[in-house]
J.: 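This is the structure, below, for whatever I ask next.
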Amino acid sequence: ISVGVGGAGVAAVSAVAYGNIITNDVKSIVSDTSTLDAAEEISISASDDSAIRSVGLSIAASGILAGSIIGAANVITNTVTGGISDSTILGGTDLNLSALSDSDIYSFTGGVAASGALAAQISVSGNIINNETTAKIKKSNIEITGKADVLATDSSKIDSIAVGVSASGAASAGAALSGNYIENTV
């Protein structure tokens with residue numbers, strides 16, 4: 001939570017800027033000529049459940065002139081890999097290989113500017129999720145008696161709210177902008 005407040009009889013300004021970044025590399029891999037020999041089901045899974053919750057508020061109030069500006073940036077970039085490489089899997093009934101990304105961003109960015117004569121307020125929020133999620137079998141010998149499931153899933157989401165409010169006795173201007181971008185490779 002980030003908050004800025006400015007107040008004065010003549011002129012007041014409040015400026016708030018904040019950001020959050022999460023970067024993870026999650027792996028669950030059988031590799032380098034390994035051998036797994038099991039009598040039951042074999043499960044290999046990698047998962048990431050990253051989340052950013054950010055709230056920011058900027059308030060300015062004065063008798064004549066008030067200005068409020070707030071900016072927020074939130075970024076999640078993860079690599080999640082479940083894999084079997086250059087190895088041997090023997091005897092299991094079933095093979096379950098999975099990779100899951102579930103990244104979430106909740107962002108609230110708000111501002112208020114109020115004065116007797118002139119007020120201006122700008123709220124800007126930018127949110128990005130860019131994940132790479134992979135489940136793969138490469139150059140391996142798989143000998144099982146049941147089925148093999150290989151699954152990669154990404155269920156990322158962004159919930160973003162930007163609010164800008166301005167009020168004055170003579171002139172006021174307010175603006176709110178929220179940009180959200182999700183680009184995932186599965």
Side-chain angles (χ1 to χ4, degrees), residues 1-3 16-57 70-110 122-164 176-186:
I1 297 176
S2 299
V3 177
V16 176
Y18 61 97
N20 302 286
I21 298 173
I22 295 175
T23 301
N24 291 318
D25 189 3
V26 179
K27 295 179 182 176
S28 181
I29 299 175
V30 177
S31 63
D32 299 328
T33 65
S34 297
T35 299
L36 282 179
D37 192 351
E40 300 295 322
E41 179 179 274
I42 298 169
S43 293
I44 302 165
S45 65
S47 65
D48 182 83
D49 190 19
S50 299
I52 293 175
R53 307 283 182 256
S54 71
V55 177
L57 186 60
I70 184 165
N74 300 297
V75 178
I76 298 176
T77 59
N78 293 325
T79 302
V80 179
T81 306
I84 301 169
S85 177
D86 299 314
S87 295
T88 301
I89 307 294
L90 301 172
T93 55
D94 293 329
L95 172 63
N96 298 306
L97 174 62
S98 64
L100 168 66
S101 289
D102 184 18
S103 301
D104 299 320
I105 295 175
Y106 169 78
S107 173
F108 174 83
T109 307
I122 298 172
S123 296
V124 179
S125 177
N127 303 291
I128 297 172
I129 296 176
N130 185 356
N131 291 331
E132 183 177 330
T133 307
T134 307
K136 64 183 174 182
I137 299 173
K138 178 181 161 189
K139 296 182 187 176
S140 295
N141 179 30
I142 310 295
E143 296 178 22
I144 57 175
T145 59
K147 62 182 173 64
D149 290 326
V150 180
L151 178 66
T153 307
D154 192 300
S155 57
S156 299
K157 70 178 180 178
I158 297 173
D159 294 317
S160 179
I161 300 169
V163 177
L177 173 66
S178 179
N180 303 297
Y181 182 73
I182 297 177
E183 181 179 351
N184 294 325
T185 303
V186 179

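Computed from heavy atoms alone, side chains included, the values below leave out hydrogens, waters and symmetry copies. Here the structure is a predicted model, which means the values were calculated and not measured.
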J.: Could you tell me the separation between the NZ atom of Lys136 and the OG1 atom of Thr81, rounded to the nearest 0.5 Å?
T.: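 The distance works out to 6.5 Å.
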
J.: Is there side-chain contact between Ser107 and Ile158, with heavy atoms separated by less than 4.5 Å?
T.: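 Side chain of Ser107 against side chain of Ile158, heavy atoms only: no contact under 4.5 Å found.
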
J.: What closest approach, in Å, do Val16 and Val3 show between heavy atoms, and which atom pair accounts for it?
T.: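 Heavy atoms of Val16 and Val3 come nearest at CG2-C, 4.0 Å.
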
J.: What distance separates Leu95 CG from Ser43 OG, expressed to the nearest 0.5 Å?
T.: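 Reported to 0.5 Å precision, the distance equals 8.0 Å.
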
J.: What I want to check is whether the side chains of Asn130 and Thr77 have a donor and an acceptor closer together than 3.5 Å.
T.: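 Side-chain D/A pair, Asn130 to Thr77: absent.
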
J.: Between Ser47 (side chain only) and Leu100 (backbone N and O only), is there a donor and an acceptor less than 3.5 Å apart?
T.: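 Such a contact is absent between Ser47 side chain and Leu100 backbone.
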
J.: Provide the closest heavy-atom pair for Ile76 versus Ser103 in the form atom of the first, atom of the second, distance.
T.: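 Of all heavy-atom pairs spanning Ile76 and Ser103, the closest is CG2-OG, 3.6 Å.
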
J.: Calculate, to the nearest 0.5 Å, the distance between atoms CD1 and CD belonging to Ile89 and Glu143 respectively.
T.: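 The CD atom of Glu143 is 10.5 Å from CD1 of Ile89, to the nearest 0.5 Å.
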
J.: Please tell me whether Thr133 and Asn131 have a donor and an acceptor in their side chains that are separated by less than 3.5 angstrom.
T.: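 On atom types as modelled, these side chains do not qualify, holding no pair under 3.5 Å.
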
J.: Hey, mind stepping through Asn127 and Ser178 against side chain to side chain contact (heavy atoms under 4.5 Å, CB included) and telling me if it holds?
T.: CA-CA 8 Å; Asn127 303 291; Ser178 179; 4.3 Å; yes

J.: Do Val26 and Asn78 have side chains that approach each other closer than 4.5 Å (heavy atoms only, starting at C-beta)?
T.: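 Heavy-atom side-chain distance check fails, nothing below 4.5 Å.
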
J.: What are the two closest non-hydrogen atoms of Ser31 and Ser34, and how far apart are they?
T.: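 Reported closest heavy-atom pair: O-OG, 2.5 Å.
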
J.: Heavy atoms only: give me the nearest Ser160-Asn180 pair and the separation to one decimal.
T.: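 Residues Ser160 and Asn180, closest heavy atoms: CB-OD1, 3.4 Å.
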
J.: Do Leu97 and Ser28 make a side-chain contact, defined as non-hydrogen atoms from C-beta onward lying under 4.5 Å apart?
T.: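 SC-SC contact between Leu97 and Ser28 ruled out.
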
J.: Nearest 0.5 Å please: distance from the CG atom of Asn184 over to the OG atom of Ser155.
T.: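 These two atoms lie 9.5 Å from each other.
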
J.: Could you go through the side chain to side chain donor-acceptor pair (under 3.5 Å) check for Thr79 and Asp25 one step at a time?
T.: CA-CA 5 Å; Thr79 302; Asp25 189 3; 4.7 Å; no

J.: Of all the heavy-atom pairs spanning Ala152 and Ala135, show the shortest one and how long it is.
T.: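 Closest approach of Ala152 to Ala135, heavy atoms only: CB-N, 3.9 Å.
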
J.: Distance-only, no hydrogens or angles: does the Ser123 side chain make a donor-acceptor pair with backbone N or O of Ala176 under 3.5 Å?
T.: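 No; zero donor-acceptor contacts below 3.5 Å.
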
J.: Mind checking the CZ-CD1 spacing from Phe108 to Ile161? Nearest 0.5 Å is all I need.
T.: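 Going from the CZ atom of Phe108 to the CD1 atom of Ile161 covers 6.5 Å.
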
J.: Between Ser140 (side chain) and Asp86 (backbone), is there a donor-acceptor pair under 3.5 Å?
T.: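 At least one qualifying donor-acceptor pair exists.
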
J.: Do Tyr18 and Thr109 come within less than 4.5 Å of each other through their side chains, counting heavy atoms only?
T.: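 They are in side-chain contact.
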
J.: Say whether, by atom type as modelled, one donor and one acceptor occur between the side chain of Asn96 and the main chain of Asp149 under 3.5 angstrom.
T.: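 No, Asn96 side chain to Asp149 backbone: no donor-acceptor pair under 3.5 Å.
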
J.: Just so I know, are the side chains of Asn20 and Arg53 near enough to count as touching, which here means a heavy-atom distance under 4.5 Å?
T.: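 They are not in contact (no side-chain heavy atoms under 4.5 Å apart), so the answer is no.
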
J.: Please name the pair of heavy atoms, one in Ile129 and one in Lys157, separated by the smallest distance, quoted to 0.1 Å.
T.: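 Closest approach of Ile129 to Lys157: CD1-O, 3.5 Å.
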
J.: Any chance you could measure Ile105, atom CD1, to Asn74, atom CG, to the nearest 0.5 Å?
T.: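 That separation rounds to 5.5 Å.
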
J.: Indicate yes or no for a side-chain donor-acceptor contact from Ser101 to the backbone of Asp154 under 3.5 Å, with no hydrogens or angles considered.
T.: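 Between the backbone of Asp154 and the side chain of Ser101 there is no qualifying donor-acceptor contact (under 3.5 Å).
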
